Amino acid sequence: MKSLDSILGDPRLTVRRSGEPDPDGKCVVYWMQRAQRAVDNPALTAAIETGNRLGKPVVVFLQLVPHSHHGNLRHYQFLVDGLGDIAADLQKRKVGLVVRRFPDHGLLRFCSGVRPCLVIADENPLMEAERTKTRIAQKISVPFWTVDADVVVPSKLLTKEHYGARTIRPKIHALLPQFLREVRNPAAKFLWRTPSRVQSLVSNLSLLDNFPIDRGVAPSKHFHGGSQEAQLCLERFLRSRLKGYATQRNKPDLDGTSQLSPYLHFGHIGVQRVALAVPRTDAPAQDRKAFLEELIVRRELAVNFVRFNCNYENFDACEPWADVTHRKHARDLRQYLYSEKQLEDAETHDPLWNAAQKQMVLTGWMHGYLRMYWAKKILEWTESPQAAYQIAVRLNDRYELDGRDPNGYAGIAWAIVGKHDRAWGPERPIYGKVRYMSFASTSRKFNSKAYIARVAALERGTI
DNA sequence: ATCGGCTCGCGCAA
DNA sequence: TGCGCGAAGCCGAT
């Protein structure tokens, strides 16, 4: 047996349960959760390299669990869209695939059947995912490792919750030479044959038939999951929208952003692939810089927030200065007060806000610039910042394809409780010193009429 | 179009 | 202890 030291020494890897891999085990299991792709996936690569050194085949275990992260049909359809690419890419790498559906989805039950030497999983900073891993680590009888596969800089290296972009930026930049590298894509040396019935199951969209999930949100007609779709989305962005990104990204009428967030959320594309493609374009330096700032610094700041602040889902994530100002303004008169239902149905007096809400409900994606405005207005139009936070989280998680993502929580926390921000400008009603966004100014910064008209056309089904 | 004032606290140099 | 400077702000002056 060759040494596993170089794999274990990777800073991306965390040993959740230590010990020697079972020499009588039949395979290495990669429990695929967050990183749903079979290329550019450091966790899969770690599993394959481990298998190759142990002389064992590798099998990917993927579970379809209902109500996972409060997901609905929109999210599950996007997930299932991606399974065909995963199966095809795994076959090229001589790795097996097992998809198990509720109620026969338990990892431990699967392990008792296949007898792995060890289990490797990917990282997910959300609390439930972390709790599940802790439970598995306690119960499993073989070594259990996790690999941080969906960030450039392994999130544990940032060691604490950072105060803002300006404190995390130099730390991330210092580590980029070490971590912003192509992910190796070796093939397994020892073949695991996936039974053909699994192949057909994966290519069959009836995977969701009779699956007990919330079917109240329709699948997106505008975004389809999968590594190939993600790659096409990346190429379209690099070809036509990276140039000018620095100035156009905050103009929702132009769709100047990458629109990669659903794919990054499901792990259908690796952040390294996206980041490393940028210098190979002829886009101006300021545009590349602006995009990499969003893709790496701010995205990983959001991961840092979720990983190190257990209150990311509620108002208690509040910054102390924002808490003081919110208390002071708790009884301020709300000129507009909307129920969650009115907000959900886009029935406010504000045409820009309604359009943003409808874009999210109809397509599963809201432009990033409007996500800020959207959350700020929920603060303004509900009875308390606590309620606003809850409503913003629920609507975001229900309708956005990238709901339940660190970016969503960090964005809402920025808008409502001052996370990664500071007190700014004159004290205003309701907001106090929390940064304000006005309808007048926001709608003047881009062609808001064109944006509203486009969403109206979407609603009529003419685009 | 672009600028300055508004305003606060972290992180670091000293 | 003091200083620089910051995720997206607004508004009014030029």
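Below, chain A is the first sequence line, B the second, and so on; all start at residue 1. Predicted model only: the values in this text are computed from it and were never measured.
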(request) Starting from C1' on C:dG6, measure out to CD on A:Glu293 and report it in whole angstrom. (result) 12 Å

(message) Rounded to whole Å, how long is the line connecting atom OH of A:Tyr436 with atom C1' of C:dA8?
(response) 16 Å

(request) Establish, with yes or no, whether the OP1 or OP2 oxygen of C:dA8 is under 4.0 angstrom from a side-chain nitrogen or oxygen of A:Lys376. (result) no

(request) May I ask you to check whether A:His162 and A:Phe308 place their ring centers less than 6.0 Å from one another? (result) no

(request) In plain terms, say whether A:Glu319 and A:Lys419 are close enough for a salt bridge, that is, a side-chain N and a carboxylate O under 4.0 Å apart. (result) yes

(message) Strictly below 4.0 Å: does A:Arg166 bring a side-chain N or O up to OP1 or OP2 of B:dC10?
(response) no

(message) For B:dC10 and A:Thr167 - does any side-chain N or O of the residue sit under 4.0 Å from the phosphate oxygens OP1/OP2?
(response) no

(message) I need the single residue from A:His268, A:His265, A:His224 that forms a ring pair (Phe, Tyr, Trp, His ring centres under 6.0 Å) with A:Phe78. Which is it?
(response) A:His268

(request) Whole angstrom is fine here: how far is it from OH in A:Tyr163 over to P in C:dG6? (result) 14 Å

(request) Please report, rounded to the nearest Å, how far the C1' atom of C:dG6 is from the CG atom of A:Asp421. (result) 9 Å

(request) Compare side-chain N and O positions of A:Arg169 against OP1 and OP2 of C:dA7 and report whether any pair is under 4.0 Å apart. (result) yes

(message) For a quick check of understanding: with a heavy-atom distance under 4.0 Å over all strands, which category does A:Lys433 fall into, base, sugar-phosphate or nothing?
(response) sugar-phosphate

(request) Answer yes or no: does a side-chain N or O of A:Thr442 lie under 4.0 Å from OP1 or OP2 of C:dC10? (result) yes

(message) Reading 5' to 3' and counting Watson-Crick or G-U wobble pairs with both distances under 3.5 Å, write the dot-bracket notation for DNA chain B, | for bases paired outside the strand.
(response) ||||||.||||||.

(message) If I pick the P atom on C:dA7 and the same atom on B:dC12, what distance separates them, to the nearest angstrom?
(response) 14 Å

(message) Using the side-chain heavy atoms of A:Lys171, tell me which of these nucleotides is nearest: B:dC12, C:dC10, C:dG9.
(response) B:dC12

(request) Could you tell me whether the side chain of A:Thr281 and the main chain of A:Val278 form a donor-acceptor pair under 3.5 Å? (result) yes

(request) Can you tell me, in whole Å, how much space there is between the P of C:dC10 and that of B:dG9? (result) 22 Å

(message) Can you measure A:Phe291 atom CZ to C:dA8 atom P for me and round it to whole angstrom units?
(response) 20 Å

(message) Checking contacts here: which listed nucleotide (B:dT7, C:dA7, C:dG9) is nearest the side-chain heavy atoms of A:Lys445?
(response) C:dG9

(request) Give a yes/no answer on whether the side chain of A:Lys419 brings an N or O atom under 4.0 Å of OP1 or OP2 in C:dA7. (result) no

(message) In whole Å, measure the gap between the P atoms of C:dC5 and B:dA14 for me.
(response) 14 Å

(request) Using atom CG of A:Leu301 as one end and atom C1' of C:dA7 as the other, report the distance to the nearest whole Å. (result) 9 Å

(request) Tell me yes or no: between the side chains of A:Tyr389 and A:Glu313, is some donor less than 3.5 Å from an acceptor? (result) no

(request) Please report, rounded to the nearest Å, how far the C1' atom of B:dC8 is from the OH atom of A:Tyr431. (result) 20 Å

(message) Within the 3.5 Å criterion, strictly below it, is a donor on A:Gln386 or A:Gln390 matched to an acceptor on the partner's side chain?
(response) no

(message) Checking A:Gln231 against A:Arg273: is there a side-chain donor and acceptor pair closer than 3.5 Å?
(response) yes

(request) Send over the distance from A:Ile296 CD1 to C:dA7 P, rounded to a whole Å. (result) 16 Å

(message) So, applying side chain to side chain donor-acceptor pair (under 3.5 Å) with A:Asp350, which one of A:Trp381, A:Tyr336, A:Tyr373 is it?
(response) A:Tyr373

(request) Consider the side chain of A:Arg422, meaning its heavy atoms from C-beta on, and name the nucleotide among B:dT7, C:dA8, C:dC11 that approaches it most closely. (result) B:dT7

